[in-house]
Amino acid sequence: MSKLNVRKIGGSVHGRRFTQVAILSIVAVLMLVASGCTKSDLEGDGVGEMDELIWYYPQNKPNADLHLVNAEVNRLIAGKIHASVKLQPVDFANYEQKLNTLVAASDPMDIVWTSNWLFPWDANARKGVFQPLDELLERHGQKLRASMSPRFWNDGKLDGKQLAVPNYQIAAMRPSLVIQKRFVDTYKLDLSAIRKIDDIEPFLRLLKEREPGIVPFGTTRGFFMNHMYGIDWRVSVYQGDANHRVLPDVTPEMKQNFALVHSWYDKGYINQDAATLKNAADVYNKGNTAVWFDFTGKPGSEAEFKAGDGGFDVVLVPLAKPSFNGAVSSMNAISRTSKHPDKAMQLLELVNTDKQLYNTLVYGIEGKHYSRGDGNYIKLNMDSGYFTNTDWVFGNIRNEYLPEGAPPDKIEQTVRINEDAEVSPYYDFVFRTDDLKAEIANVKAVNDEYYAVLATGTVDPAKYLPIYEEKLNRAGSETIRSEKQRQLDDWLKAKGKK
């Protein structure tokens with residue numbers, strides 16, 4: 001601080017008062033300087049206090065050092081956007097319920113993580129939970145907008161308005177098996193011979209016979225995917241079907257899959273609590289599961305699985321070609337209850353473009369939670385008190401450091417898969433369900449009761465599938481299918497495809 005000169009005033013009462021005020025002012029300034037305030041702290045918004053943002057997102061488990069990482073994040077952003085952020089992670093199993101409660105109460109929130117599979121973004125967008133971002137992006141998100149192609153941004157749009165910021169990550173589904181490498185090596189498993197899910201059964205039988213204490217195959221809600229059976233993932237239509245016939249909820253392929261998984265369950269290949277587990281990580285986090293199914297099959301996930309399953313190396317075996325499913329699996333939006341939407345957008349731009357900030361959110365504090373290795377590699381300190389294993393929750397993974405075990409071209413692989421993945425012919429089709437709320441709610445209730453136990457093989461499909469189908473029909477599944485068919489036909493005609 002430059003030297004302050006106070007002109008000496010005479011001995012009048014007025015002069016003495018002026019002197020006292022001046023001295024007090026100097027003391028106040030010195031106290032601010034001593035407390036670490038910068039010039040921007042004194043000038044910003046006309047006050048010293050910074051706006052506090054609130055960011056909700058899902059995580060696997062609580063982190064003891066969250067407060068330390070939060071403080072480091074605030075140190076990194078304070079001078080750039082004159083704001084702080086309160087990180088509010090919620091475990092995956094309770095995230096949707098927690099956010100629904102906050103939304104219903106109109107609680108203040110600034111940034112909210114959303115997706116097409118947890119806290120559904122389109123349903124919440126239609127309810128007005130999120131703010132339009134177009135003007136905010138224009139004012140504070142030019143670098144952020146330029147960091148991704150329109151192909152990604154389009155997935156965060158509804159009725160022409162941008163309502164969410166995509167997190168650049170794997171944007172394709174590549175259903176895969178994850179197998180612990182120690183068992184691959186011990187039993188000389190020929191990975192090239194595994195082309196479909198059924199091919200892994202002899203290996204599971206071997207594990208059951210020779211590896212006591214090991215779960216041969218772990219699952220939570222089964223491993224049925226239309227994509228593996230020649231059915232389009234976007235709309236349930238057989239690939240190449242010239243008639244574009246929308247299939248019922250229960251297809252012959254689903255029945256085939258449920259019969260297979262039930263036989264595995266009966267033979268003891270599958271974890272007995274498969275139908276009740278809520279978090280996929282609970283399947284393998286004890287390190288005693290040999291094989292499990294991964295819906296995404298993203299490059300570099302081997303390192304993430306290794307970190308999450310007791311440190312055992314794994315291999316990834318894709319079961320289908322990648323299909324582009326867009327950015328809707330992980331996005332961040334700005335809540336309509338945000339008190340500081342401009343600052344929230346500034347923070348989102350920083351997270352997606354500032355490498356140090358992004359990696360602090362993902363990995364924690366360098367020297368405490370991880371150490372730098374050669375090139376772009378880092379070594380994680382697994383007992384340090386901060387471990388997310390969810391780089392895709394925060395922002396653009398192209399900014400991340402690579403944990404040990406990740407392929408050196410992980411980012412390049414991800415970009416390549418995103419560009420080369422098959423795009424559904426129905427990708428732009430949007431099924432409007434406003435007039436089907438009762439049917440959809442009723443079908444969901446039936447699925448909540450029956451799907452998990454059928455998909456994990458816990459119950460006999462020969463007995464329970466007919467009950468499941470009958471209850472689906474009573475709930476309105478055929479009404480939903482017929483309306484989807486009608487809307488799809490209209491969409492195809494408008495596109496000149498039918």
Side-chain angles (χ1 to χ4, degrees), residues 58-61 91-95 117-118 175-184 186-187 189 191 194 196-225 228 254-297 301-302 304-317 319 389-390 447-465 468:
Q59 285 289 266
N60 289 312
K61 61 181 181 180
D91 65 280
F92 279 97
N94 297 309
Y95 185 76
W117 58 277
L118 187 65
S176 304
L177 290 175
V178 185
I179 310 174
Q180 283 199 24
K181 189 175 183 298
R182 55 177 173 151
F183 299 121
V184 172
T186 298
Y187 298 107
L189 178 63
L191 300 179
I194 302 173
K196 55 186 187 301
I197 192 78
D198 312 54
D199 295 335
I200 197 67
E201 182 164 358
F203 183 61
L204 302 181
R205 181 169 60 250
L206 199 62
L207 292 167
K208 179 65 178 175
E209 294 171 353
R210 302 187 185 181
E211 296 290 341
I214 294 296
V215 178
F217 193 97
T219 186
T220 51
R221 290 181 60 83
F223 47 86
F224 176 76
M225 273 187 84
M228 292 195 301
M254 179 182 284
K255 293 179 180 179
Q256 173 189 337
N257 179 274
F258 286 1
L260 174 70
V261 70
H262 179 62
S263 71
W264 288 4
Y265 190 90
D266 272 356
K267 294 170 184 174
Y269 300 163
I270 290 178
N271 51 304
Q272 297 296 296
D273 58 355
T276 57
L277 289 179
K278 292 183 178 181
N279 191 342
D282 291 338
V283 170
Y284 55 80
N285 62 8
K286 295 178 182 178
N288 65 340
T289 299
V291 185
W292 60 93
F293 182 81
D294 181 38
F295 289 86
T296 305
S301 59
E302 297 94 334
E304 295 176 14
F305 284 125
K306 177 181 178 179
D309 81 336
F312 294 109
D313 288 314
V314 301
V315 294
L316 205 65
V317 184
L319 298 173
N389 215 18
T390 51
N447 281 322
D448 288 345
E449 182 178 1
Y450 287 95
Y451 185 85
V453 291
L454 282 164
T456 57
T458 307
V459 299
D460 185 356
K463 178 180 179 180
Y464 285 94
L465 256 176
Y468 177 51

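Being a predicted model, the structure only gives us computed values, none of them experimental.
Between the side chain of D294 and the backbone N or O of L177, no donor-acceptor pair lies under 3.5 Å. With S301 contributing its side chain and G297 its backbone, the two residues share no donor-acceptor pair below 3.5 Å. At least one donor-acceptor pair under 3.5 Å links the side chain of Q180 to the backbone N or O of T289. D273 places no side-chain N or O within 3.5 Å of a backbone atom of T276 that could act as its donor or acceptor partner.
Distance check, rounded to the nearest 0.5 Å: CZ of F203 to CG of L189 gives 5.0 Å. E211 CD to L206 CG: the interatomic distance, rounded to the nearest 0.5 Å, is 8.0 Å.
The shortest heavy-atom contact between A275 and T458 is CB-OG1, 3.6 Å. Heavy atoms only, all atoms of each residue included: G222 and T456 are closest at N-CG2, 3.6 Å. Across P175 and M225, no two heavy atoms sit closer than the pair CB-SD, 3.7 Å. Considering every non-hydrogen atom in both A290 and L207, the closest pair reads CB-CD1, 3.5 Å. The minimum heavy-atom distance between T219 and N271, with the atom names listed, is N-OD1, 2.9 Å. Counting all heavy atoms, side chain and backbone alike, V215 lies closest to I270 at CG1-C, 4.3 Å.
At a threshold of 4.5 Å between non-hydrogen side-chain atoms, the residues V178 and V291 do not count as touching. Side-chain contact between Y269 and R205 is present, with heavy atoms from C-beta onward closer than 4.5 Å. Using a 4.5 Å heavy-atom threshold, the side chains of K181 and V314 count as separate. The shortest side-chain heavy-atom distance between F293 and L319 falls under the 4.5 Å cut-off. Side-chain atoms of N60 and N389, non-hydrogen and from C-beta on, do get closer than 4.5 Å to each other. Using a 4.5 Å cut-off on side-chain heavy atoms (C-beta onward), T390 and Q59 make contact.
Crowding of Y464 atom OH: a count of heavy atoms from other residues, nucleotides or ligands under 6.0 Å not exceeding 12. At most 12 non-hydrogen atoms from other residues, nucleotides or ligands lie less than 6.0 angstrom from NZ of K208.
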Stepwise salt bridge (Lys or Arg N to Asp or Glu O under 4.0 Å) test for K267 and E201: CA-CA 11 Å; K267 294 170 184 174; E201 182 164 358; 2.9 Å; yes
task: Take K255 and L465 through the test side chain to side chain contact (heavy atoms under 4.5 Å, CB included) and record every step on the way to the result.
output: CA-CA 8 Å; K255 293 179 180 179; L465 256 176; 3.8 Å; yes
query: Should S176 and L316 be marked as a side chain to side chain contact (heavy atoms under 4.5 Å, CB included) after you check the CA-CA gap, both sets of side-chain angles, and the distance that decides it?
result: CA-CA 6 Å; S176 304; L316 205 65; 4.0 Å; yes
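The existence of a salt bridge linking D460 and K463 is excluded, since no basic side-chain nitrogen approaches an acidic carboxylate oxygen closer than 4.0 Å.
For the side chain to side chain contact (heavy atoms under 4.5 Å, CB included) with Y451, the qualifying choice from D448, L454, V453, N447 is N447, the only one to do so.
Aromatic rings from W264 and F223 are positioned such that their centres are separated by under 6.0 Å. Between F312 and F305, the distance from one ring center to the other does not fall under 6.0 angstrom.
The aromatic rings of Y187 and F183 sit parallel, their planes meeting at an angle under 30°, below the 60° perpendicular limit.
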Only distances under 3.5 Å count here; give the side-chain donor-acceptor pairs of residues 256-263 to other protein atoms, sequence neighbours excluded, each with its distance to 0.1 Å.
from: N257; atom 1: ND2; to: Y229; atom 2: OH; distance (Å): 3.1
from: H262; atom 1: ND1; to: G457; atom 2: O; distance (Å): 2.8
from: H262; atom 1: ND1; to: V459; atom 2: O; distance (Å): 3.2
from: H262; atom 1: NE2; to: D266; atom 2: OD2; distance (Å): 3.3
from: S263; atom 1: OG; to: L260; atom 2: O; distance (Å): 2.6

